[in-house]
S.K.: 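The structure follows.
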Amino acid sequence: SQELEQSPQSLIVQEGKNLTINCTSSKTLYGLYWYKQKYGEGLIFLMMLQKGGEEKSHEKITAKLDEKKQQSSLHITASQPSHAGIYLCGADIGAGGTSYGKLTFGQGTILTVHP
Amino acid sequence: EPEVTQTPSHQVTQMGQEVILRCVPISNHLYFYWYRQILGQKVEFLVSFYNNEISEKSEIFDDQFSVERPDGSNFTLKIRSTKLEDSAMYFCASSRAFTYEQYFGPGTRLTVT
């Protein structure tokens, strides 16, 4: 089974709609990172969550880490074409956070926003 | 805004040749990483590096791979004898500490023919 699983794999929404992307781990997440990638380009850092129950927002994007620290969600409010891209969750799933920066990534969620 | 830079953006090489991929991390970061992404697959961790030493490496990072910080600003990944399966996008990243956010460069697309 996948260490870090994202759902859905792809998402097509109309501009203005809200959407949620999930990232689930079978192990405790010691640090959860959300990145955005455009096809063939680098990863753009969005947010990092470390504490169970933590929630962070940036512009119209909100990310949460659940209390048990095994799932995170990324929510986009009133989506725009500029939100289109591939959203990746990456996590430190080492034992007690001693993975020396090794991030394990999900397979990504491809978001398309139709104007 | 400071950013991680990588050169070249695209490298084509023949199987068996050595390649060096170069990265300039963000200037006040001391922790460095290499990841790779084979087309259509997940981003995979290769190695983390701090204080001129490898801190962690994955099973992908075998004896064909090496990393170096040759001076105060560059961080390099060397592949000694490239194989077809080394074709991928290679990303460099840096952070202020292992538990801080990692900032990624734009990547080097390596094509091995």
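Protein chains get the first letters and strands the later ones, always in sequence-line order, with residue 1 at the start of each. Excluded from the calculations below are hydrogen atoms, water molecules and symmetry mates; all remaining heavy atoms, backbone and side chain alike, are included. Predicted, not measured: the structure shown is a model, and the values here were computed from it.
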S.K.: Is a side-chain N or O of B:E44 found less than 3.5 angstrom from the main chain of B:Y35, in a donor-acceptor match?
M.R.: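 Judged by distance alone, no pair lies under 3.5 Å.
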S.K.: Assess whether ring pair (Phe, Tyr, Trp, His ring centres under 6.0 Å) is satisfied between A:Y87 and A:Y35, documenting all intermediate values.
M.R.: CA-CA 6 Å; A:Y87 288 82; A:Y35 290 89; over 10 Å; no
S.K.: What residue pairs, at least two apart or across chains, pass side chain to side chain donor-acceptor pair (under 3.5 Å) with a residue in residues 60-70 of chain A?
M.R.: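 For residues 60-70 of chain A, and leaving out neighbouring residues, the side chain to side chain donor-acceptor pair (under 3.5 Å) pairs sorted by first residue read A:S57-A:T62.
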S.K.: Please classify the contact of A:I44 with chain B as side chain, backbone, both or neither, using a heavy-atom distance under 4.5 Å.
M.R.: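 Contact with chain B involves no heavy atom of A:I44 at all.
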S.K.: Under the side chain to side chain donor-acceptor pair (under 3.5 Å) test, which residues partner A:T20, sequence neighbours left out?
M.R.: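 Expected list: A:H75.
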S.K.: Please identify, among B:G107, B:A93, B:G40, B:S55, the residue contributing the most non-hydrogen atom pairs under 4.5 Å to chain A.
M.R.: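 The candidate making the most pairs under 4.5 Å is B:S55.
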S.K.: So which of B:Y31, B:Y33, B:Y50 has the biggest tally of heavy-atom pairs under 4.5 Å with chain A?
M.R.: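 The residue among B:Y31, B:Y33, B:Y50 with the greatest pair count is B:Y33.
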S.K.: Which answer fits B:L46, side chain, backbone, both or neither, if we ask what part of it has an atom under 4.5 Å from a heavy atom of chain A?
M.R.: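 No part of B:L46 comes within 4.5 Å of chain A.
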